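What follows is a single structure, written as structure tokens, with notes after it.
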Amino acid sequence: MSVIITSTAPSTRSPQVAVELRLALDDLYARYVACLDEARFDDWPGFFTEDCVYKVMPRENYDRGLPLATMAAESRGMLIDRAYGIQNTLYHQPYYQRHLVSGLLVREIAHEVNDGQAPGRRLIRTQANYAVFRTKQNHLSEVFNVGRYIDTIVEVEGELRFAEKLCVFDSELIPNSLIYPL
Amino acid sequence: MSVIITSTAPSTRSPQVAVELRLALDDLYARYVACLDEARFDDWPGFFTEDCVYKVMPRENYDRGLPLATMAAESRGMLIDRAYGIQNTLYHQPYYQRHLVSGLLVREIAHEVNDGQAPGRRLIRTQANYAVFRTKQNHLSEVFNVGRYIDTIVEVEGELRFAEKLCVFDSELIPNSLIYPL
Amino acid sequence: MSVIITSTAPSTRSPQVAVELRLALDDLYARYVACLDEARFDDWPGFFTEDCVYKVMPRENYDRGLPLATMAAESRGMLIDRAYGIQNTLYHQPYYQRHLVSGLLVREIAHEVNDGQAPGRRLIRTQANYAVFRTKQNHLSEVFNVGRYIDTIVEVEGELRFAEKLCVFDSELIPNSLIYPL
């Protein structure tokens, strides 16, 4: 798969985005974090394409182009496995998550090129800042993980889905282990 | 009062909402939190209907259907009492609040049915994540309370107002007591 | 420069704002915080007008009308100096910033009056809540500074720019010194 960029985001202005698309993106992020914060982990893989990439990685690795990731999946099937593991096999102390997301930017809108075939999917490249608060039983809520989503979104059967989602977090330290998706 | 649901939010798509309504909802939440963060408590009841329900409750109680709430009011009059108490009779150490709200979702749009009478008010059911930071005098700002607003909004005299507002917070522990509304 | 107010925001309703302007404002804030969080400090002054005012000040001073500010600049040139200092001369322990912004309100839309000359620039007065998280190397992310942007935005050469930006923070205490812009 290669990509032709049909629109780029200069540092002082974002590509023109139709109002409907813009609101649909807001809605996608809102539903995504609601799914996680309500711990509906079985619904989580449904936000992704079949051949998706999902990674959680420290900012330092991302900025230096290092591939090492804290969590990595390269298909929806792997996300389904993860969702199963969280709920059935992974031993862990449960905690609540609460996501705040802001600063959604459409970085570019491009199109896949499929080797001379029909025009490929439209790729919407976005980023947004997130902060995740964690609440453990009988504890106060605390800052758990903050960073940036760097995503590629496509439309599949009338729904926006993540073809790639990178959760690039600022702190290399994570309080205890990261169990649930970000 | 009973409710007919005319539109439901499946987990992968929210009901169609006109752009103007969507922006009016954003504006409502922004004005609501500005009112609280600027400590204009006398303006706070004006965001609610006369017969409103306002509750602050832990997530665990909400999820289990338990009615116990940390703060509960069942009319605008009770909110006015509360606003008076905060500013005049409740002894407390003052603190600043700062709300961040994101992930606004329109869950459904329904209509009241009034026993064969004219069509009732339109009910806009929303939810949004919030984080409230608290700053006490000579202290650093800290995470105070995070959770989810679960609201029902109606239009009264051309203004959007809360007919019901539930502030469902993640931590059962609250640093000291909760004085100001969320 | 004097100002005629052509539209005011009563406490229960914000001035009518065209959808395109509203989304352009969202985009401006998103690009502004992305610039800072990605530490592209040389791009930062480009978000301001030549004769801008930029101040970081405690809420208590702002509320009482006291002029004292933690950081103050009265032209884009001073911001350029600051950006240079941050990157070249100011000795400091580097840290990452992560901004969350929500509750954007258009407070009023006014027009400058230029002593009988052609109509002046349109002034868009906004406010928004922000929370900045700081991550130092080998430390957890923490709440660094929360408060309110109180801004005046104008259009210059087809771009929205800050003519005035006040960062009014809630805590008089700041963990260590404030190095990077908010």
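Keep in mind that this is a model prediction, so the values were computed, not measured. Just so it is clear: chains get the letters A, B, ... in the order the sequence lines come, proteins before strands, and each one is counted from 1.
- Ser141(A) places no side-chain N or O within donor-acceptor distance of the main-chain N or O of Asn145(B), the cut-off being under 3.5 Å.
- For Asn61(A), the side-chain contact (heavy atoms from CB on, under 4.5 Å) test picks out Pro58(A), Leu66(A), Leu68(A), with sequence neighbours left out.
- Residue Phe133(A) touches chain B through its side chain alone, counting heavy-atom pairs closer than 4.5 Å.
- Of the two parts of Phe169(B), neither the backbone nor the side chain holds a non-hydrogen atom closer than 4.5 Å to a non-hydrogen atom of chain A.
- Interatomic distance, CG of Asp170(B) versus NE2 of His139(A), reported as 14.5 Å (0.5 Å rounding).
- Chain B forms the most heavy-atom pairs under 4.5 Å with one residue out of Leu28(A), Asp37(A), Val33(A), and that residue is Asp37(A).
- Side-chain contact check for Val19(B) versus Leu23(A): some heavy-atom pair is nearer than 4.5 Å.
- Scanning for salt bridge (Lys or Arg N to Asp or Glu O under 4.0 Å) contacts around Glu60(A) gives Arg64(A), with sequence neighbours left out.
- The two atoms that bring Arg59(B) and Glu38(A) nearest to each other are NH2-CA, 3.8 Å, heavy atoms only.
- For Glu50(A), the salt bridge (Lys or Arg N to Asp or Glu O under 4.0 Å) partners two or more places apart in sequence, or in a different chain, are Arg76(A).
- When the heavy atoms of residues 77-105 of chain A are compared with those of chain B, the residues falling under 4.5 Å are Tyr96(A), Gln97(A), Arg98(A), His99(A), Leu100(A), Val101(A), listed by number.
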